[in-house]
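Notes for the one structure printed next.
In this chain, numbering begins with 1 at the start of the sequence shown. Worth knowing before you read on, the calculation uses all heavy atoms, side chains too, and leaves out hydrogens, waters and symmetry mates.
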Amino acid sequence: MRTIAALQSRVTAASLDFEPTAAELDAIDAEMPLILAEVDLLDAEIMTIDRTPTELDERRIRRARRRVLAERRSLTNRAGLGQAGGAA
């Protein structure tokens, strides 16, 4: 009987031992304010999972949602500035 075994080099296409490129790191840095705003919104929502939200909780969630929307708008506007053409 012959044993069948896969060779590691044939199974794995490329080594997973690489670092993110400078462009990827720049993209993460550009999105970091949005990521932090979304984390704050998630924290505010988690605090009210097992209880009825108070007026303060509702304000905190509303403020966090507005911040997420503002960061999304800001990120979209920055991305739009990098595109060529468009109506002016």
Side-chain angles (χ1 to χ4, degrees):
M1 178 181 274
R2 194 172 144 200
T3 304
I4 300 173
L7 299 176
Q8 187 66 26
S9 61
R10 292 185 183 168
V11 173
T12 305
S15 173
L16 298 177
D17 201 22
F18 54 87
E19 297 293 323
T21 65
E24 291 170 334
L25 291 175
D26 289 342
I28 292 169
D29 283 341
E31 292 178 11
M32 190 55 66
L34 175 59
I35 293 168
L36 294 175
E38 289 174 339
V39 168
D40 288 343
L41 174 59
L42 186 60
D43 285 342
E45 291 173 340
I46 286 173
M47 288 176 19
T48 61
I49 282 179
D50 60 345
R51 62 183 168 90
T52 304
T54 64
E55 185 178 336
L56 181 63
D57 293 331
E58 290 173 359
R59 278 191 269 165
R60 184 177 294 126
I61 291 171
R62 231 180 2 255
R63 192 177 318 120
R65 283 185 183 144
R66 283 194 305 262
R67 183 172 167 223
V68 167
L69 291 174
E71 292 298 339
R72 283 183 185 164
R73 181 183 62 232
S74 176
L75 187 62
T76 302
N77 288 340
R78 283 189 306 238
L81 291 176
Q83 295 176 351

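Counting only heavy atoms from C-beta outward, the side chains of L36 and R67 approach each other to under 4.5 Å.
Remark: I49 engages I46 in a side chain to side chain contact (heavy atoms under 4.5 Å, CB included) (not counting sequence neighbours).
Put simply, the side chain of E24 gets close to the backbone of T21: a donor and an acceptor are under 3.5 Å apart. In this structure, the side chain of R78 engages the main chain of A30 through a donor-acceptor pair within 3.5 Å.
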Chi angles and distances behind the side-chain contact (heavy atoms from CB on, under 4.5 Å) call for I61, R65: CA-CA 6 Å; I61 291 171; R65 283 185 183 144; 3.6 Å; yes
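Residue pairs meeting the side chain to side chain donor-acceptor pair (under 3.5 Å) criterion with at least one partner in residues 41-53, sequence neighbours excluded, are R51-D57.
Only one option out of M47, R60, E58 pairs with P53 in a side-chain contact (heavy atoms from CB on, under 4.5 Å); it is E58.
V68 and L75 fall within a single hydrophobic cluster, where Ile, Leu, Val, Met, Phe, Trp and Tyr side chains are chained together by heavy-atom contacts under 4.5 Å.
Salt-bridge annotation for R72 and E38: present, with a side-chain N of the basic residue lying under 4.0 Å from a carboxylate O of the acidic one.
Here the straight-line distance linking atom CZ of R63 with atom CG of L41 works out to 12.0 Å at 0.5 Å rounding.
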